[in-house]
Undergrad: 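Below is a structure I'd like to ask you about.
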Amino acid sequence: GYVLVNNERYLSAAQAIDTLVSYPWTCSEQTTSKAGPILMGYIYDPKYMDYVAKRALKKPLRDWIQENIDRIISRQNGNGEIGLWRLNDQLVDPLLSAQIVELLAAAHLAGFSMPTDSVSKAYSWSYQLIKESNSIDNSQRLRALSVLVKGISNHTKRAVRLARSLADQSNTANDLT
């Protein structure tokens with residue numbers, strides 16, 4: 001192991017941000033994985049994140065986040081489905097669909113630009129994908145649904161209804177943890 005020492009006043013995010021913004025792949029999974037944590041940091045402390053991101057980016061951090069949101073939205077069809085690499089490729093798995101909705105909901109609440117119904121359509125698509133998927137077992141389904149609930153909890157009252165529905169369908173409280 002090693003110890004990293006720096007003179008930053010706050011917990012250093014510089015190395016993590018450098019790694020995330022320089023990640024070269026642009027599929028929906030990697031876009032969500034790199035833009036999600038940076039968006040959360042930006043929502044929490046935009047000035048600090050802008051300061052740290054200047055080291056890795058040649059543009060304002062908000063613009064970089066918007067570009068990543070736009071990439072995801074460009075892969076969304078009229079029914080809300082989001083492709084992994086391109087529109088209508090049907091390669092997104094149930095858990096990733098929930099993670100994408102979480103990113104879009106947070107970005108929407110933070111004031112990033114996107115079509116008005118993008119989040120609600122993505123939510124509906126993700127919910128159906130999770131519920132109807134034959135490729136996941138019940139524990140994976142519950143995990144994906146819990147990510148979906150968490151992702152939209154600040155965005156809509158649907159999260160409360162979905163959480164209640166999950167609790168009603170569960171045989172034990174352990175199924176939901």
Side-chain angles (χ1 to χ4, degrees), residues 13-44 49-50 52-137 139-156 159 162:
Q15 189 173 10
I17 290 174
D18 286 346
T19 301
L20 288 170
V21 299
S22 65
Y23 206 71
W25 292 278
T26 59
C27 67
S28 295
E29 178 180 12
Q30 298 306 326
T31 299
T32 300
S33 294
K34 66 184 177 183
I38 290 176
L39 173 63
M40 294 302 121
Y42 184 83
I43 290 168
Y44 179 72
M49 292 298 286
D50 278 333
V52 172
K54 284 180 187 176
R55 300 174 188 180
L57 296 172
K58 306 286 189 239
K59 62 184 88 180
L61 182 58
R62 187 170 180 86
D63 293 349
W64 181 89
I65 295 169
Q66 185 65 58
E67 287 174 6
N68 282 276
I69 299 304
D70 292 345
R71 181 178 302 116
I72 297 290
I73 295 298
S74 74
R75 297 174 180 156
Q76 186 177 37
N77 70 20
N79 295 327
E81 178 185 342
I82 297 170
L84 183 63
W85 288 100
R86 65 191 149 279
L87 185 69
N88 295 322
D89 67 13
Q90 298 182 340
L91 296 174
V92 170
D93 66 63
L95 180 58
L96 177 57
S97 74
Q99 293 164 334
I100 291 170
V101 172
E102 181 178 27
L103 172 68
L104 293 179
H108 184 262
L109 289 172
F112 285 87
S113 177
M114 64 183 72
T116 306
D117 57 354
S118 293
V119 175
S120 61
K121 284 185 175 184
Y123 163 81
S124 295
W125 158 70
S126 177
Y127 181 71
Q128 288 304 313
L129 181 65
I130 294 166
K131 292 294 281 183
E132 296 172 2
S133 177
N134 294 324
S135 66
I136 59 175
D137 63 30
S139 66
Q140 293 168 317
R141 189 175 326 281
L142 286 170
R143 179 171 180 241
L145 287 170
S146 68
V147 170
L148 189 61
V149 168
K150 182 176 72 112
I152 63 168
S153 62
N154 291 324
H155 196 268
T156 177
L162 181 55

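Small disclaimer: the values here were computed from a predicted structure and weren't measured.
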Undergrad: State whether the side chain of R141 and the backbone N or O of S133 hold a donor-acceptor pair below 3.5 Å, judged by distance alone.
TA: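 At least one qualifying donor-acceptor pair exists.
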Undergrad: If I compare all heavy atoms of S113 with all of I69, which pair ends up nearest, and what's the gap?
TA: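 Nearest pair, atom of S113 first, then I69: O-CG2, 4.2 Å.
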Undergrad: Find out whether Q140 and L95 are in side-chain contact, i.e. whether some heavy atom of one side chain is under 4.5 Å from a heavy atom of the other.
TA: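 When only atoms from C-beta onward are counted, L95 and Q140 do not touch, as no gap falls below 4.5 Å.
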Undergrad: Taking the six-membered ring of Y42, is the NZ or CZ of R62 close enough (under 6.0 Å from the centre) and on axis enough (within 45°)?
TA: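 Relative to the ring axis of Y42, which defines the angle, R62 lies outside at least one limit.
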Undergrad: Tell me which one of I73, L109, I152 satisfies side chain to side chain contact (heavy atoms under 4.5 Å, CB included) with L104.
TA: I73
Undergrad: Can you name the nearest heavy-atom pair linking N68 to A35, along with the distance?
TA: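 Heavy-atom minimum between the residues: CB-CB, 3.8 Å.
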Undergrad: Please check: side-chain N/O of S74 versus main-chain N/O of R71, any donor-acceptor pairing under 3.5 Å?
TA: yes
Undergrad: Is the backbone of I100 close enough, under 3.5 Å, to the side chain of T32 for a donor and an acceptor to pair up by distance?
TA: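 No.
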Undergrad: Could you tell me whether a side-chain N or O of D117 sits under 3.5 Å from a main-chain N or O of K121, the two making a donor and an acceptor?
TA: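 A pair under 3.5 Å: no.
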Undergrad: Tell me, please, which residues at least two apart from D70 pass side-chain hydrogen bond (donor to acceptor under 3.5 Å, both in side chains).
TA: Q66
Undergrad: Is the shortest heavy-atom distance from the side chain of L84 to the side chain of L96 under 4.5 Å?
TA: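 Sidechains of L96 and L84: in contact.
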Undergrad: Looking at every heavy atom in both L148 and I130, which two are closest together, and how far apart are they?
TA: CD2-CD1, 4.2 Å
Undergrad: Got a donor-acceptor contact below 3.5 angstrom from the N77 side chain to the N79 backbone?
TA: yes
Undergrad: Taking T26's backbone N and O only, do any of them form a donor-acceptor pair with T31's side chain (distance below 3.5 Å, no angle check)?
TA: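 Side chain of T31 to backbone of T26: a pair is present.
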Undergrad: Identify the heavy atoms of E102 and V147 that sit nearest to each other, and give their distance.
TA: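 Looks like OE1-CG1, 3.9 Å.
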Undergrad: Which pair of heavy atoms, one from I82 and one from S28, lies closest together, and at what distance?
TA: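 So the two residues come closest at CG2-OG, 4.1 Å.
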Undergrad: Between the side chain of S33 and the main-chain N/O of E29, is any donor-acceptor distance below 3.5 Å?
TA: yes
